[in-house]
Engineer: 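Structure in structure tokens, see below.
Because the structure is predicted, anything quoted here is derived from the model rather than measured. Throughout, protein chains are lettered first and strands after them, A, B, ... in sequence-line order, and every chain is numbered starting at 1.
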Amino acid sequence: MTSDIYSDCILQGRGLHLHYAGRAVIAGLDIYIPRGQLTVVLGTNGCGKSSLLKILSQVLPPSKGQVMLDGKVLADMGSKERARQLALLVQKPELPDGIDVQELVSRGRYPHQSLWRQWSEDDEYAVAQALVATGLTDMARREVSSLSGGQQQRVWLALVLAQQTEVLLLDEPTSFLDIRAQLSVMDFCRALRLQGRTLVLVLHDINQALRYADHLLLMREGRILAQGAPEALICEQVLKDVFDLDACIIQDPEAGCPMLIPRVDQYDHAWGVTQQPGYK
Amino acid sequence: MIGPRFSVWRWGSFTLRAPAPAALQTAVVGTFGVLLALMLSLTLGESGLSPARLIQALRGEAEPYEQWLLWQSRLPRALCALGVGTALGVAGAVFQSLSRNPLGSPDIIGINAGASAGAVLWLLFLPGLSVAWGALAGAVCVLLLLLPGLGPQGQLSRSLVLMGVAINAFAIAVVQFALTLVQREQAQQMLGYLAGGLVHRDWQQVALIGLILAVALPGLLLLSRRLGLLALGRDMASSLGNPLRSTQLTALILATVLALGAVLCAGPVAFVALVAPHLARRRGQQLALLRSGLIGALLLLSADTLTLTLPGTQRLPVGVLTAMLGGAYLAWILFAELLRRKTKQQMPG
Ligand SMILES: Nc1ncnc2c1ncn2[C@@H]1O[C@H](COP(=O)(O)OP(=O)(O)OP(=O)(O)O)[C@@H](O)[C@H]1O
Ligand SMILES: [Mg+2]
């Protein structure tokens with residue numbers, strides 16, 4: 001790692017391994033997350049992206065290897081201390097029943113609280129600010145389960161925002177959102193990065209990743225195949241290696257960054273569906 | 001617009017936050033409910049005291065026999081019912097929230113049966129010593145068997161209930177087996193213990209359940225914020241800085257202590273731990289632990305009062321009655337819910 005983007009890493013993992021029931025899901029992986037940048041993790045379904053984020057946040061301790069957060073060993077930090085510096089929004093958070101927006105967002109303040117500091121003015125301010133930033137102020141008293149999927153996603157974002165951490169790990173924050181909502185989440189993440197925060201996002205839309213990321217991590221089968229700035233990294237061969245995808249790369253006419261166009265005729269026998277008789 | 005309205009109190013950097021309206025409501029309803037149930041329990045039944053006599057006896061101005069009846073028989077019995085009911089209600093709420101399963105109550109996942117099996121084996125092999133030790137050993141064994149359900153990252157899940165059901169069946173089998181091994185009189189003694197009940201409770205038992213509540217309740221209340229976080233799923237809870245394994249382990253131990261206390265004081269009382277949390281949750285999640293305890297207390301005391309008043313039930317162990325009433329009530333709730341869902345589906349749009 002000689003490139004200067006790695007000279008200042010807020011989060012790094014060395015020799016990470018993770019096994020589920022004896023099967024290696026993350027297999028000897030070194031990772032460097034540059035400070036104050038927006039990193040996007042890309043890879044096929046099941047390649048271990050969510051597992052990687054869980055390791056980076058100590059939600060799943062790695063079977064082998066070590067994660068360092070700002071020079072400190074993550075495993076040695078207190079759980080609340082860690083949660084004040086690093087937030088994780090998991091892919092499928094569970095919604096408690098009968099909870100309203102404000103109350104759910106308030107849960108993000110847990111690491112800042114204690115038995116004798118149950119609700120400080122900072123807590124109040126952070127929650128209000130998170131609601132404003134995500135445009136949820138008007139819905140603060142609505143029951144979360146009565147909101148649409150996209151609105152619920154905003155509530156979860158507000159929760160990790162209220163946590164006021166320097167590092168945010170977001171696992172597919174744009175899934176289930178319409179295109180406008182996706183872009184507004186991405187713009188929102190970019191704004192957070194401009195405030196100096198470090199973000200790591202798992203995305204599936206490669207073009208969005210190319211447009212918004214400062215730093216790309218390409219994963220395959222529990223390993224990082226390539227990492228670096230999007231322009232330098234993306235080429236047809238890399239796409240083939242990571243996604244088994246035939247695509248050509250053009251210049252995004254709007255943003256000027258690379259943009260991918262999948263070639264036609266590569267899914268003919270996908271799942272055998274097209275060959276089924278009687279289906280026109 | 002729904003529920004939680006919190007009140008916040010601040011003194012410098014010391015801040016407190018509590019759902020004040022809900023707490024007030026619970027306190028008022030609870031006080032009235034408990035007083036009413038106590039009144040009924042002390043005045044009804046064959047040996048019940050009329051209200052006037054009751055007041056006399058409370059002041060110490062009644063006849064010695066009535067004095068004895070109140071202070072040595074009826075009052076400890078009623079207080080025991082309240083204490084055991086609270087313990088069962090709270091233990092049930094904790095087990096259900098840990099296992100994320102409405103069936104995860106101590107009587108179903110084998111804590112009660114384990115304590116019974118321990119007690120029976122103790123009677124069999126060490127008849128000289130108090131059976132309490134046997135019940136304790138049995139409950140601890142079940143707890144240890146359940147612990148692998150915690151997993152390395154502390155994922156406590158539905159498998160807990162499945163394992164519990166298996167342990168429960170095994171413990172019941174042990175009890176049956178032990179009963180076939182012993183002489184008639186001994187079997188009678190064991191059966192009396194196993195059926196549970198609140199007849200002949202004295203202050204010793206009141207003190208025991210009181211002590212257990214005094215230890216376990218504050219502990220669980222301190223844990224309740226952490227337990228609440230678990231509802232976000234274990235990944236979110238742990239990423240927010242909740243040490244999952246220690247939270248769940250502590251809660252599991254405290255809830256087992258409560259269930260064990262209940263078994264020691266009243267034998268295995270069925271269904272209160274299952275039904276009370278269910279009823280408590282019908283009015284929202286807030287203070288669910290406390291409300292579940294309160295409802296458990298009221299349920300058990302009322303059931304005990306019923307056994308005192310219904311003809312022919314004086315010698316019926318209260319556990320049998322709670323099983324009958326609780327089972328019927330739960331079935332009715334589920335049935336009503338099913339009906340409601342059906343009608344909802346049939347409505348257009
Ligand atoms: N709790 C678990 N137990 C066993 N195996 C698991 C568990 N969670 C994930 N896995 C396995 O680990 C591998 C990686 O899973 P992971 O969720 O990290 O993938 P992902 O890259 O996030 O996929 P996706 O894009 O579908 O979200 C998968 O093969 C999955 O089957
Ligand atoms: Mg994933």
Engineer: Shortest non-hydrogen contact from A:Lys49 to A:Thr44?
Structural biologist: NZ-O, 2.9 Å
Engineer: Of the backbone (N, CA, C, O) and the side chain (C-beta and beyond), which part of A:Lys54 lies under 4.5 Å from a heavy atom of chain B, both, or neither?
Structural biologist: side chain
Engineer: Among A:Glu81, A:Arg84, A:Arg82, which has the most heavy-atom pairs under 4.5 Å with chain B?
Structural biologist: A:Arg82
Engineer: Between B:Gln96 and B:Arg281, do the side chains contain an N or O donor and an N or O acceptor separated by less than 3.5 Å?
Structural biologist: yes
Engineer: Considering only heavy atoms, which portion of A:Ser50 lies under 4.5 Å from any heavy atom of chain B: side chain, backbone, both, or neither?
Structural biologist: neither
Engineer: Determine the sole option in B:Leu146, B:Leu162, B:Ile109 for which the side chain to side chain contact (heavy atoms under 4.5 Å, CB included) test with B:Ile167 is passed.
Structural biologist: B:Leu146
Engineer: Consider only side-chain N and O atoms of A:Gln113 and B:Arg17, and report whether a donor and an acceptor are under 3.5 Å apart.
Structural biologist: no
Engineer: Any donor-acceptor pair under 3.5 Å linking the side-chain atoms of B:Asp107 with those of B:Ser105?
Structural biologist: yes
Engineer: Go through B:Leu230, B:Asp235, B:Leu222, B:Val8 and name the one with the most non-hydrogen pairs under 4.5 angstrom from chain A.
Structural biologist: B:Asp235
Engineer: Is it the side chain or the backbone of A:Ser114 that comes within 4.5 Å of chain B heavy atoms, both, or neither?
Structural biologist: backbone
Engineer: For chain B, which candidate among A:Lys92, A:Gln58, A:Arg107 shows the most heavy-atom pairs at distances under 4.5 Å?
Structural biologist: A:Arg107
Engineer: Can you give me the closest heavy-atom contact between B:Leu294 and B:Gly30, atom names plus distance?
Structural biologist: CD2-CA, 3.3 Å
Engineer: Heavy-atom pairs under 4.5 Å with chain B are the metric here; pick the option from A:Leu86, A:Leu89, A:Thr165, A:Val90 that has the most.
Structural biologist: A:Val90
